[in-house]
> 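Sharing a structure, written as structure tokens. Questions coming.
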2 protein chains.
Amino acid sequence: MAKDQGLRRPATVQDVANLAEVSKATAARALGQYGAVSARVMTKVTAAAAALGYLPNDLARTMTTGRSGTIGVIVGDIENPYFGLAVRGVSDGAKARGFNVVLVNSGEDVAEEKAALEVLVRKQIDGFIIAPAASGDTAHLLNIATIGRPVVLMDREIPALGFDAVVLDDKAAAKRATELLIAAGHTRLSYITAAGMKQHTLCDATGIGLSTVANRIAGFSEALADAGIPDPHRYIRFGVTDRQGAQHVIADLLNLSDRPTAILASDSLIALAILRTTKDVRLIIPRDISLISFHDADWTSATTPSVTVVAQPAYDLGREVVSMLIERIEGLAEPPRRRELPTRLIERESVSAPK
Amino acid sequence: MAKDQGLRRPATVQDVANLAEVSKATAARALGQYGAVSARVMTKVTAAAAALGYLPNDLARTMTTGRSGTIGVIVGDIENPYFGLAVRGVSDGAKARGFNVVLVNSGEDVAEEKAALEVLVRKQIDGFIIAPAASGDTAHLLNIATIGRPVVLMDREIPALGFDAVVLDDKAAAKRATELLIAAGHTRLSYITAAGMKQHTLCDATGIGLSTVANRIAGFSEALADAGIPDPHRYIRFGVTDRQGAQHVIADLLNLSDRPTAILASDSLIALAILRTTKDVRLIIPRDISLISFHDADWTSATTPSVTVVAQPAYDLGREVVSMLIERIEGLAEPPRRRELPTRLIERESVSAPK
DNA sequence: CCATCGATTGAGACCGGTCTCAACATTTAA
DNA sequence: TTAAATGTTGAGACCGGTCTCAATCGATGG
């Protein structure tokens with residue numbers, strides 16, 4: 001056998017066919033396990049393929065079959081552990097059913113989301129899983145549907161679009177957490193969220209860009225209203241996205257003369273910023289301020305104090321989403337489905353009565 | 001205009017050509033910005049493309065050009081914040097140069113790594129960025145090279161393969177950190193790492209699967225040797241991968257009658273497990289035990305005590321790796337290059353003198 | 001012994017782009 | 001005014017698979 005370790009053109013079906021002394025069509029049938037092939041030919045072709053180190057070209061296959069076996073996932077921020085976990089759920093579920101995953105970060109930006117979507121469409125992706133950056137500007141999402149590729153929304157829903165969606169029980173979760181704080185005796189409660197809005201404070205509740213945020217604020221407000229606490233929106237803060245901004249907004253909040261005595265954080269990144277800032281201004285949790293965070297990030301149980309959290313089944317969310325998407329890809333034609341997953345409040349050490 | 005919002009076959013170059021009343025070849029030239037096209041035709045074709053909502057089929061393009069504009073990244077665990085950040089560096093760098101990224105998790109398993117590699121090859125990826133799961137079983141990595149697609153190793157190197165690699169100064173980092181602990185007065189020092197080996201303790205230093213681990217242990221041991229501390233391998237622990245195992249190994253270590261008084265953790269996940277376990281067994285950091293962790297994870301500065309860390313330029317690592325890979329993709333033919341990025345010790349509150 | 005049927009096989013079109021090459025148009029130079 | 005050069009365009013092959021369809025093979029049955 002000649003030494004041919006050098007760079008050689010990858011083997012094609014034709015090469016295998018030649019070596020096995022059959023036609024290209026027959027070799028393709030044997031390699032692609034479709035059509036009928038005699039046992040003798042099968043072994044010959046298999047041997048030839050092995051000898052040449054043949055690997056099929058998935059692009060060529062997709063070209064004719066129209067199916068890429070790949071699903072696209074667009075998330076705002078994979079570094080957010082919540083989405084990180086959800087994405088792993090998606091990956092695992094996809095892998096189990098023979099699909100691959102392409103992941104794109106949108107940076108919570110609609111323009112980038114649109115660009116990402118376009119890239120994926122051009123790559124002939126079979127279907128999409130999207131945690132949309134905003135529920136306002138959605139023309140690009142509708143376009144996808146027109147092309148005939150299924151979309152399932154993850155974590156955030158936009159009912160008007162008529163897509164399948166898997167979400168969490170955000171309103172109930174927020175209400176439950178808020179009630180826990182109220183039960184501890186708090187009356188000055190704050191909710192801090194990363195998600196959109198130009199300004200940081202709430203003027204009117206309309207035009208909230210994300211279903212999750214809207215729902216949580218609804219639950220938060222409802223709990224306050226039930227307890228007869230006035231002006232529920234007073235300590236709500238928006239758009240706390242980057243680390244800089246977070247420190248700022250939180251510091252401002254904590255410097256108020258009648259500062260809140262309890263904070264509900266919309267994700268673990270915000271909770272972290274709160275931890276850092278309270279440390280800076282020498283406030284102690286939970287003595288000076290109580291904290292509950294959305295998402296049971298791994299560090300929340302290891303800190304002192306450990307933090308009380310709304311545990312979200314992020315991994316299951318991912319599994320569920322991908323399984324719904326694959327059903328659609330395989331032809332399911334039902335009206336849009338909506339699934340809501342329950343969260344669970346885990347009480348730890350970061351909540352106590354106000355001073 | 002007729003209502004045709006329904007599912008319609010996506011427009012092709014041929015469709016655009018028909019509408020613009022030019023040949024397919026001309027339309028393709030206009031759309032793909034290659035060859036020469038008159039201004040008049042250009043506008044006609046552009047208009048037709050817009051009218052039809054034409055989006056090119058990247059697979060077809062790759063089919064003939066042989067370039068997919070996509071690079072594949074294979075990492076052991078994206079949920080490890082260190083790799084998460086590195087991957088973001090890769091993504092950003094790739095996007096800036098017009099490349100897309102496909103990310104695959106290997107779960108630090110060689111078989112999965114091999115499978116992932118195969119999938120990517122079949123998708124005609126232009127090049128690979130790999131943090132190899134082991135430096136022993138590497139036949140599959142060599143195969144890739146034979147196919148003629150460039151590979152750059154990230155974080156972990158395997159010189160024998162002759163690939164480009166970007167790594168950190170692990171040995172120096174470990175030595176520096178260890179010296180800090182020794183300077184504080186510690187003589188019973190432990191190093192705990194997630195990476196491979198069946199057993200948890202070290203018999204002989206040969207056969208350590210990962211360059212990072214080997215280098216760090218070398219630095220760690222050298223510092224101990226320089227200080228005249230005997231039996232440097234005594235408190236070294238391996239294979240602390242899952243959360244369960246971590247708690248176990250660490251608890252065992254802390255229950256030793258002559259337990260170590262200082263621990264160097266190989267990543268932030270391990271540091272977290274240490275935090276959790278010390279909390280469980282009611283040891284206080286740094287009073288009872290000092291801690292230094294590799295990777296400046298975001299939470300390490302927010303905890304009480306904040307933790308002293310070896311800050312790794314993970315994002316820059318990703319940027320550097322992707323830029324080297326793209327150079328190769330674009331034809332650079334030089335002998336394998338190796339780049340080493342410096343780390344930085346950030347002193348915080350988790351180190352003090354032993355009791 | 002020949003017709004019939006199902007199982008295999010090969011030839012060639014096709015997917016949607018790119019690219020080569022020849023034909024034609026328009027200038028420019030002589 | 002004509003030859004040469006440059007600019008544009010169209011026809012058709014090609015990438016590496018899949019798939020349709022007709023041809024061939026062997027076996028079965030009358």
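Note that the coordinates shown come from a computational prediction; the quantities given were computed from them, not determined experimentally. The figures that follow rest on heavy atoms only: side chains count, while hydrogens, waters and symmetry mates do not.
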> Rounded to whole Å, please give me the gap between OH in B:Y54 and P in C:dG16.
10 Å
> Return the set of residues passing side chain to side chain contact (heavy atoms under 4.5 Å, CB included) with A:A94 (not counting sequence neighbours), or none when no residue passes.
A:I71, A:F99, A:V101, A:V322
> How close or far is atom P of D:dT18 from atom CE of B:M63, stated in whole angstroms?
11 Å
> In this structure, how many angstroms lie between the P atom of D:dT18 and the CG atom of B:L59, rounded?
14 Å
> Mind checking side-chain hydrogen bond (donor to acceptor under 3.5 Å, both in side chains) for A:R67 and listing every partner two or more places apart, or none if nothing turns up?
none
> Are A:E112 and B:K95 ion-paired here, with the side-chain N under 4.0 Å from a carboxylate O?
yes
> Would A:T70 and B:K123 count as having a side-chain donor-acceptor pair, cut-off 3.5 Å?
yes
> Find the distance A:L31:CG to D:dG16:P and express it as a whole number of Å.
14 Å
> Whole-Å distance between D:dG12 P and B:Q14 CD?
13 Å
> Between the side chains of A:T26 and A:S23, does any donor sit under 3.5 Å from an acceptor?
yes
> How would you list, by chain and number, every residue that makes a side-chain hydrogen bond (donor to acceptor under 3.5 Å, both in side chains) with A:E118, sequence neighbours excluded?
none
> Please give the angle, rounded to 10 degrees, between the axes at the start and the end of the helix from C:dC1-D:dG30 to C:dA30-D:dT1, where five pairs define each axis.
50°
> If I take atom CE in residue B:M42 and atom P in nucleotide D:dT9, what distance separates them, rounded to the nearest angstrom?
11 Å
> According to side-chain hydrogen bond (donor to acceptor under 3.5 Å, both in side chains), who are the partners of A:R319, at least two apart in sequence or on a separate chain?
A:Y315
> Taking only side-chain nitrogens and oxygens of B:Y34, does any of them come within less than 4.0 Å of OP1 or OP2 of C:dC19?
no
> Using nucleotides 7-11 of chain C, report all nitrogen or oxygen pairs with the protein that are shorter than 3.5 Å.
residue	atom	partner	partner atom	Å
C:dT9	OP1	A:S38	OG	2.8
C:dT9	OP2	A:S38	N	3.0
C:dT9	OP2	A:S38	OG	3.4
C:dG10	OP2	A:S23	N	2.8
C:dG10	OP2	A:S23	OG	3.0
C:dG10	OP2	A:T26	OG1	2.6
C:dG10	N7	A:R29	NH2	2.8
C:dG10	O6	A:R29	NH1	3.2

> For the side chain to side chain contact (heavy atoms under 4.5 Å, CB included) test, which of A:L325, A:I129, A:D164, A:L332 pairs with A:P150?
A:L325
> Separation of B:R61 atom CZ from C:dC15 atom P, in whole Å?
19 Å
> Regarding B:R337 and B:E320, does a basic nitrogen lie under 4.0 Å from an acidic carboxylate oxygen?
no
> Counting side-chain heavy atoms from CB outward, which of C:dT18, C:dG16, D:dG17 is closest to B:N57?
C:dG16
